[in-house]
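I have placed the structure first, in the form of structure tokens, so that the comments after it can refer back to it.
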Amino acid sequence: MPKGHPMQRHLITSAIPYINGIKHLGNLVGSQLPADLYARYLRARGHEVLFLCATDEHGTPAELAAAKAGKPVAEYCAEMHAVQADIAKGFGLSFDHFGRSSSPQNHTLTQHFAGRLADAGLIREVSEQQVYSNADGRYLPDRYIEGTCPNCAYDKARGDQCENCTKQLDPTDLINPRSAISGSTDLEVRETKHLYLRQSALKDDLDAWIDSKTDWPILTTSIAKKWLHDGDGLQDRGITRDLDWGIPVRRGNEDWPGMEGKVFYVWFDAPIEYIACAGEWADANGDADWERWWRTDKGADDVRYTQFMGKDNVPFHTLSFPATILGSGEPWKMVDHLKSFNYLTYDGGQFSTSQGRGVFMDQALEILPADYWRWWLLSNCPETSDSEFTWELFQQGVNKDLADVLGNFVSRVTKFCRSKFGETVPSGGTYGDRETALIEELQARVTRYGALMEAMEVRKSAQELRAIWVAGNEYLQAAAPWATIKVDEAQAAMQIRMAFNLIRLYATISSPFIPTASDRMQSSLGMESADWPEDVASALSSVQAGQTFAVPENLFAKISDDDRADWQSRFAGTRG
RNA sequence: GGCGCGGUAGCUCAGUUGGUUAGAGCGAUCGACUCAUAAUCGAUAGGUCGGGAGUUCAAGUCUCCCCCACGCCA
């Protein structure tokens, strides 16, 4: 462990993606990818990291997707979890565990929390009217009821709101209501009982807690504050549903009289999976101790917990989930920093899962390696405002940064050396003024890069990293070993040795962004991965004369205009 | 409709608590170099900081009004 950087413990979670289908690039860049960047960086600095993610599996959309696929919902979810896990792996997402909100661990924990909340008087029972569809054999959530809007006569208004005139509706307002699932009009209103979490009773606690988070992004606190203070303030929320697929409502280990056949609502059990996932991780790894990550009375008081999510998820993470934890009265670790992202747009519009618009994760990996996507998405991530994906911007960014600046640097250095000195780093010469100046510049830049990564300034980190790559080309251009070698072979050998050291430095510090290419750079030198270059001067003398190397062919191939045009038209339509 | 985030060079974006001639990358133009993935390096051009009013010795940066885009509304 380098001096001045005592080891820290970091718990990192990414918003958990919903199970029904493959996520698009907007989902990826909004939480999983930046979370992975941060996790990889902290590990590279020698910190202890537990990085968790999972699939969010409960709720009506999962049931419907399973029905559409003609499979039992449990089987469907198991399959889709495997698919998502595989794709996550393809993108190099370095989760310590990729869990499932349907896990036994989450069942137990969710029921436990509900019991604690009930004991604390924070759960109340509410009787309400719900629409039941006889044809579908199930209760219908408001948005799954369609009918004619009483306000504007639009005939596809949903039970919660009319998309045409935006009027908020109650399902019973609709004229000629029908099931959006089957189209059946055989509907009836039934009386059903549900549990509500009394978030309103926790409003002041939540308010004080949010106020204590002075270093959170404005986007985050403003959303939380709005929900806390808007109108009548924070509203109680139903935490149960009349569904089959979900976590059965139980009060801890005991039955909950009157709640038979009901399950917890997905928004209640999904965030609890963050905790349960640590339990899954522990069980999958020979009973590792997971409570030291989550219980402040069992060692988690020195853990720094960071959550990553898209802005649409902020209310759940700043209010609902904290309400669950605070209300339990137990010493669970609460989030320290919450990093939220805006949306990535696709060619001027929205990425859309339901409409199949944009590029989906599996398709992205079919056409290009993960590093291309990782680099472009992260260096252009929607950090302070929405940002746009277009094929032209993507092609431009990838070709320039990865192929021309970095890839070509590696190429020119290794090929020059091979032709003049052979496939061994040459000896001779010693670093002079130009090298000292370069080391000084890079020391400053690498330090700044580290500080930006630490602060999760994603775009700025990428900018600084790029500037570090550029510095290598600047050096080479100024030193001009191809000219030096004609007059002073030892001097040229020294210059090219410096260049090899730069390659190794780049491999190390670039790995959070482009892990695969970093590995290739590292292994082309036949050396083990280096420690973080705390001291750039020593890092830049770690590759020594006599070290053999191999020329890595085309670290990054360029995206041609034909490719771009091809993909542009291929992804313009909707996904089949 | 309410609320939220934005509107800075052709494009994508930086601009800390208001303070000297408003910055970067890409693109464009010119030049250098020739080791390299027709790559690289340097230089130049380009903006009345959405519009208007106000506070101030001083405003892209604060206040008010307006316009535009996007998003959210359990």
Side-chain angles (χ1 to χ4, degrees), chain A residues 141-143 160-161 165-168 196-197 199 217-227 229-238 265 267 310-316 319-320 340-345 348-350 376 379-390 392-421 452 455 457-460 462-467 469-486 492 495-496 499 551-560:
Chain A
D142 291 355
R143 67 175 190 278
D160 53 347
Q161 184 179 32
C165 67
T166 74
K167 185 177 170 61
Q168 305 272 335
Y196 272 64
L197 173 61
Q199 296 186 140
I218 296 171
L219 179 68
T220 303
T221 47
S222 68
I223 292 173
K225 284 287 182 183
K226 188 210 159 202
W227 281 50
H229 300 295
D230 204 35
D232 298 330
L234 191 61
Q235 300 296 298
D236 295 346
R237 287 201 65 168
Y265 187 28
W267 79 254
K311 60 184 172 185
D312 52 328
N313 261 319
V314 170
F316 296 106
L319 303 169
S320 302
S340 58
F341 290 84
N342 290 279
Y343 293 139
L344 182 71
T345 61
Q350 289 187 46
W376 192 88
S379 61
N380 294 279
C381 74
E383 209 163 13
T384 54
S385 63
D386 290 355
S387 67
E388 184 173 33
F389 175 92
T390 68
E392 195 178 351
L393 286 169
F394 177 67
Q395 178 197 27
Q396 231 169 47
V398 163
N399 285 355
K400 191 69 186 175
D401 299 347
L402 295 182
D404 295 348
V405 175
L406 178 61
N408 180 55
F409 177 79
V410 173
S411 180
R412 67 196 296 206
V413 169
T414 53
K415 286 183 180 171
F416 176 80
C417 186
R418 183 174 60 184
S419 73
K420 305 295 181 189
F421 298 100
L452 290 167
E457 292 274 7
V458 181
R459 293 178 80 125
K460 287 180 182 172
Q463 268 178 30
E464 192 60 54
L465 179 58
R466 201 196 113 103
W469 295 341
V470 167
N473 281 313
E474 288 173 0
Y475 169 76
L476 223 50
Q477 205 64 32
W482 50 88
T484 310
I485 197 167
K486 292 171 185 165
Q495 291 169 342
I496 214 66
V551 174
E553 204 51 54
N554 268 30
L555 204 53
F556 296 101
K558 286 201 194 194
I559 297 171
S560 69

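The chains referred to below are lettered A, B, ... by the order of the sequence lines, with proteins before strands, and numbering in each begins at 1.
- The side chain of Asn473(A) sits closest to rU40(B) out of rU40(B), rU12(B), rA36(B).
- Between the P atoms of rA43(B) and rG51(B), the separation comes to 31 Å (whole Å).
- The shortest side-chain heavy-atom distance between Asn342(A) and Glu383(A) does not fall under the 4.5 Å cut-off.
- Separating the P atom of rU16(B) from that of rC66(B) is a span of 26 Å, rounded to the nearest Å.
- Between Tyr475(A) and Gln495(A) the shortest side-chain heavy-atom distance falls below 4.5 Å.
- Distance from the side chain of Arg412(A) is smallest to rU40(B) among rU40(B), rA39(B), rC33(B).
- The interatomic distance linking Tyr343(A) (OH) with rG4(B) (P) rounds to 17 Å, in whole Å.
- In this structure, Lys460(A) does not reach the rC13(B) phosphate: none of its side-chain N or O atoms is under 4.0 Å from OP1 or OP2.
- If you take CZ of Phe316(A) and C1' of rA74(B), they are 7 Å apart, rounded to a whole angstrom.
- Straight-line distance from the CG atom of Leu476(A) to the C1' atom of rA32(B): 15 Å, rounded to whole Å.
- Straight-line distance from the CH2 atom of Trp469(A) to the P atom of rU37(B): 19 Å, rounded to whole Å.
- Distance from the side chain of Phe556(A) is smallest to rU37(B) among rG25(B), rU40(B), rU37(B).
- For Ser387(A), counting side-chain heavy atoms from C-beta on, the closest listed nucleotide (rC35(B), rC13(B), rU37(B)) is rC13(B).
- In this structure, Lys415(A) reaches the rU37(B) phosphate: one of its side-chain N or O atoms is under 4.0 Å from OP1 or OP2.
- A gap of 25 Å separates the P atoms of rG23(B) and rU63(B), to the nearest Å.
- Within the 4.0 angstrom heavy-atom criterion, no nucleotide atom of any strand lies near Val410(A).
- For the pair Leu476(A) and Pro481(A), the minimum side-chain heavy-atom distance is below 4.5 Å.
- In this structure, of rU40(B), rC33(B), rC41(B), it is rC41(B) that holds the atom nearest to the side chain of Glu474(A).
- Regarding Glu464(A), its CD atom lies at a distance of 20 Å from the P atom of rC13(B), rounded to whole Å.
- Here the separation of rC68(B) from rG50(B), taken at their P atoms, is 16 Å to the nearest Å.
- The gap from the C1' atom of rA69(B) to that of rU8(B) amounts to 16 Å, rounded to the nearest Å.
- Nearest to the side chain of Gln477(A), among rU40(B), rU37(B), rU12(B), sits rU40(B).
- Using a 4.0 Å heavy-atom cutoff across all strands shown, Ser419(A) reaches no nucleic acid atom at all.
- Using cut-offs of 30° and 60° for the angle between ring planes, the Trp267(A) and Phe316(A) rings count as tilted.
- rU34(B) is unpaired under the criterion used here, namely a Watson-Crick or G-U wobble arrangement in which both key atom distances are under 3.5 Å.
- A syn base is found at rG46(B): its glycosidic angle is within 90° of 0.
- Distance check on atom C1': rC62(B) versus rA39(B) gives 48 Å, rounded to whole Å.
- By the 30° and 60° cut-offs, the orientation of the rings of Phe394(A) relative to Phe389(A) is tilted.
- Contact annotation: side chain of Asp404(A) to base of rA39(B), donor-acceptor pair absent below 3.5 Å.
- Minimum interatomic distance between Asn380(A) and Ser387(A) (heavy atoms only, all atoms of both residues): O-OG, 2.9 Å.
- Distance, Asp401(A) CG to rC13(B) C1': 14 Å, rounded to whole Å.
- rU12(B) is paired with rA24(B) under the Watson-Crick or G-U wobble criterion, all donor-acceptor distances under 3.5 Å.
- Comparing rU40(B) with rU34(B), their C1' atoms sit 9 Å apart, to the nearest whole Å.
- rC35(B) has no stacking from Phe416(A) on its base ring, since the centres under 5.5 angstrom apart and planes within 30 degrees of parallel are not both found.
- Nearest nucleotide to the side chain of Lys558(A), out of rU12(B), rC33(B), rA39(B): rA39(B).
- In this structure, of rG71(B), rC11(B), rU37(B), it is rC11(B) that holds the atom nearest to the side chain of Leu393(A).
- Contacts of Ile496(A) with the nucleic acid, taken as non-hydrogen atoms under 4.0 Å apart, are absent.
- Across the strands present, rC64(B) finds its partner in rG52(B); the criterion is a Watson-Crick or G-U wobble pair with both atom distances under 3.5 angstrom.
- Contact annotation: Lys400(A) does not reach the phosphate of rA39(B) (side-chain N/O to OP1 or OP2, under 4.0 Å).
- Val405(A) places none of its side-chain heavy atoms less than 4.5 Å from the side chain of Phe556(A).
- Checking the phosphate oxygens (OP1, OP2) of rC26(B), a side-chain nitrogen or oxygen of Arg466(A) falls inside 4.0 Å.
- The listed nucleotides are rA36(B), rC26(B), rA39(B); the one nearest the side chain of Gln396(A) is rC26(B).
- If you take atom P in rU55(B) and the same atom in rG25(B), they sit 39 Å apart, rounded to whole Å.
- Summarising the geometry, the separation between OH on Tyr475(A) and P on rA36(B) is reported as 18 Å, rounded to the nearest angstrom.
- Both Ala557(A) and Ala480(A) lie close to RNA chain B; mapped to their nearest nucleotides by heavy-atom distance, the more 5′-ward contact belongs to Ala480(A).
- Pairing for rG1(B) is with rC73(B), a Watson-Crick or G-U wobble pair whose two hydrogen-bonding atom distances lie under 3.5 Å.
- One atom, CG of Leu555(A), and another, C1' of rA36(B), lie 13 Å apart when rounded to the nearest Å.
- Using a 4.5 Å heavy-atom threshold, the side chains of Glu457(A) and Gln463(A) count as separate.
- Proximity of Leu402(A) to Trp376(A): side-chain heavy atoms (C-beta onward) are nowhere separated by under 4.5 Å.
- RNA chain B is contacted by both Gln463(A) and Ala471(A); Gln463(A) maps to the nucleotide lying nearer its 5′ end (nearest heavy atom per residue).
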